[in-house]
Amino acid sequence: MQQTITVGLLGLGTVGSGVIEILRDHQERIQHKTGCAVTIKSALVSDLSKPRDLHGSETTLTDRAEDITRDPEIDVVVEVMGGIDHTLTILLEAIEHGKHIVTANKDLIAQHGAELYEASRKHQTDLYYEASVAGGIPIIRSIMDGLASDRISKMMGIVNGTTNYIMTKMAQEGVDFDSVLKEAQDLGFAEADPTADVDGLDAARKMSILATLGFSMPFQLEDVEVKGIRGISLEDIRYAEELGYRVKLIGVAEHDESGVSVSVEPSLLPIHHPLSSVNDEFNAVYVYGDAVGETMFYGPGAGKLPTATAVVSDLIAVLKNIRLGTTGTANVQPQFPNQLKAKNEKQTKKYIRLQVVDEPGVLNDITHIFSEYGVSFDQVIQRSTEQPDSRELMLMTHLVSDEDIEKAKQDLEQLPSVQAINCIYRVEGGN
Ligand code: NAP
Ligand code: HSE
């Protein structure tokens with residue numbers, strides 16, 4: 001039986017150096033659990049001249065991917081370099097050479113997961129990607145193993161740390177969106193180009209991975225409806241608090257008799273909902289199983305050691321499979337086709353903020369439009385604005401379809417007394 005497993009690392013940045021550190025610090029524990037020793041033979045980097053702390057390991061650095069993908073001594077390739085097309089080519093080559101893959105790359109898995117799965121299946125190799133969703137939270141393993149006996153009908157996640165940090169600071173310190181984003185970048189927390197985080201794309205990639213696994217259906221990124229947090233104002237955060245809600249960027253994947261839907265959008269959550277108290281850069285995923293009921297998984301969604309913990313746990317799974325001769329068997333294809341709900345089948349509650357002219361009959365005109373589409377209200381608040389002749393209206397609806405709310409919005413835009421439709425956000429949780 002194989003006593004030492006040899007690893008090739010693609011990338012030696014934040015996560016890659018964390019992997020080396022954890023393997024050094026937890027070497028004995030890993031050997032006890034798996035019966036194998038692990039050595040990292042080589043690591044791919046783009047700049048060989050950069051100074052590195054290899055934590056005493058004798059890893060050789062290279063800038064040629066084939067030194068790893070074609071090295072017959074390497075059993076497992078750990079991909080922590082990022083990138084999509086070029087990285088896909090490298091990993092497919094590694095799989096063709098019989099290497100097992102562990103990756104933290106959500107962009108790659110969300111876009112090319114099926115292709116990588118197929119290649120791994122063909123070559124009877126392992127493919128694991130726990131770190132790709134919610135960093136240090138073992139959410140993929142929980143869905144695939146812990147809840148394997150149940151039917152998951154809903155998952156809601158705060159799966160992007162940067163946006164959760166921004167929303168928390170806005171709510172707790174009253175700082176506007178642009179200032180918090182700048183602060184997060186100065187702290188090195190948000191990326192220099194925060195587009196994928198702020199516009200919801202990063203969360204959408206993670207939700208498409210969770211939906212694929214949780215519902216055993218193939219989801220593409222294009223199946224996810226995405227709205228980011230750029231338009232969030234301090235007013236909406238304050239009004240939401242008044243109504244008993246917090247505003248968070250929430251990914252929701254739902255499955256019922258009429259079909260499935262996956263979305264990422266700023267949403268109002270009741271203050272007592274477990275996801276409402278997930279603050280700063282923390283992540284959490286709420287999973288509803290028909291048998292188990294409500295569960296929630298909470299922890300750090302990013303960072304060197306939390307993310308490396310997930311990567312090394314995947315590596316341990318591969319080591320066990322190698323020892324047991326069961327590699328490639330965990331790669332199960334989705335069982336069902338995905339039946340995405342049409343707009344008239346997606347029912348949610350909505351929060352709407354309008355600026356209207358302050359004159360008799362306005363409220364009547366507005367409620368008339370909503371009632372034409374069968375929309376009724378749970379709560380209504382009216383506030384004065386800085387302009388004496390206008391008022392702000394905050395409306396919270398009962399369940400309404402996306403189609404009806406869109407039609408009502410179009411009609412409202414035609415009303416001369418409606419000066420602005422400031423926002424329409426989803427409302428989650430509650431009755
Ligand atoms: P990083 O700090 O930027 O490190 C990337 C590493 O890959 C660097 O060592 C870099 O080389 C190397 N690299 C990049 N492109 C390369 C190329 N074309 N050829 C050769 N080497 C290349 O990135 P990271 O934060 O560790 O993230 C790595 C992956 O983990 C990404 O997929 C990311 O989405 C995922 N992830 C990260 C976190 C986190 O908290 N950071 C959390 C979850 C998932 P040089 O060192 O020479 O520049
Ligand atoms: N940019 C991501 C976040 C990193 O803010 O959550 C972890 O995937």
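Fair warning: this is a prediction, and the values are worked out from it, not measured in the lab. In this chain, numbering begins with 1 at the start of the sequence shown. One-based numbering, in listed order, for ligands and for the atoms of each.
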| request: Write out all pairs satisfying side chain to side chain donor-acceptor pair (under 3.5 Å) with one or both partners inside residues 289-300, taking only residues at least two apart or from two chains. | output: Arg151-Asp290, Ser153-Asp290, Tyr286-Glu294

| query | If you measure from the Lys or Arg side-chain nitrogens to the Asp or Glu carboxylate oxygens, is any gap between Asp402 and Arg426 under 4.0 Å? | reply | no

| query | For ligand 2, is there an N or O atom under 3.5 Å from any N or O atom of Gly161? | reply | yes

| said: Under a 4.0 Å threshold between the charged nitrogen and the carboxylate oxygen, would Glu66 count as salt-bridged to Arg70? | reply: no

| Which is closest to atom 5 (O) of ligand 2 by heavy-atom distance: Val133, Thr162, Ile166? | Thr162

| Would you call Lys304 and Glu21 a salt bridge, taking side-chain N to carboxylate O under 4.0 Å as the test? | yes

| Presence of salt bridge, Asp178 and Lys182, under 4.0 angstrom | no

| query | Below 3.5 angstrom, do we get any N/O pair linking Asn283 and ligand 2? | reply | no

| task | In plain terms, say whether Glu406 and Lys409 are close enough for a salt bridge, that is, a side-chain N and a carboxylate O under 4.0 Å apart. | result | no

| task | Compare Asp197, Val159, Val198 and give the one whose heavy atom is closest to atom 2 (C) of ligand 2. | result | Asp197

| field | Least distance between heavy atoms, Thr59 atom then Ala43 atom | value | CG2-N, 3.6 Å

| query | Quick one: do Lys41 and Glu73 make a salt bridge, cutoff under 4.0 Å? | reply | yes

| query | Does Asp256 come within less than 4.0 Å of Lys154, counting only side-chain N to carboxylate O? | reply | no

| message | Can you tell me if Glu281 contacts ligand 2 (heavy atom of the residue under 4.0 Å from the ligand)? | response | no

| Near ligand 1, which protein residues have a heavy atom under 4.0 Å away? | Gly11, Leu12, Gly13, Thr14, Val15, Leu44, Val45, Ser46, Asp47, Lys50, Arg52, Val80, Met81, Gly82, His86, Ala104, Asn105, Lys106, Ala131, Ala302, Gly303, Thr307

| query | By number and element, which atoms of ligand 2 are closer than 4.0 Å to a non-hydrogen atom of Lys206? | reply | 2 (C), 6 (O), 7 (C), 8 (O)

| Looking at ligand 2, does Gly301 have a heavy atom less than 4.0 Å from it? | yes

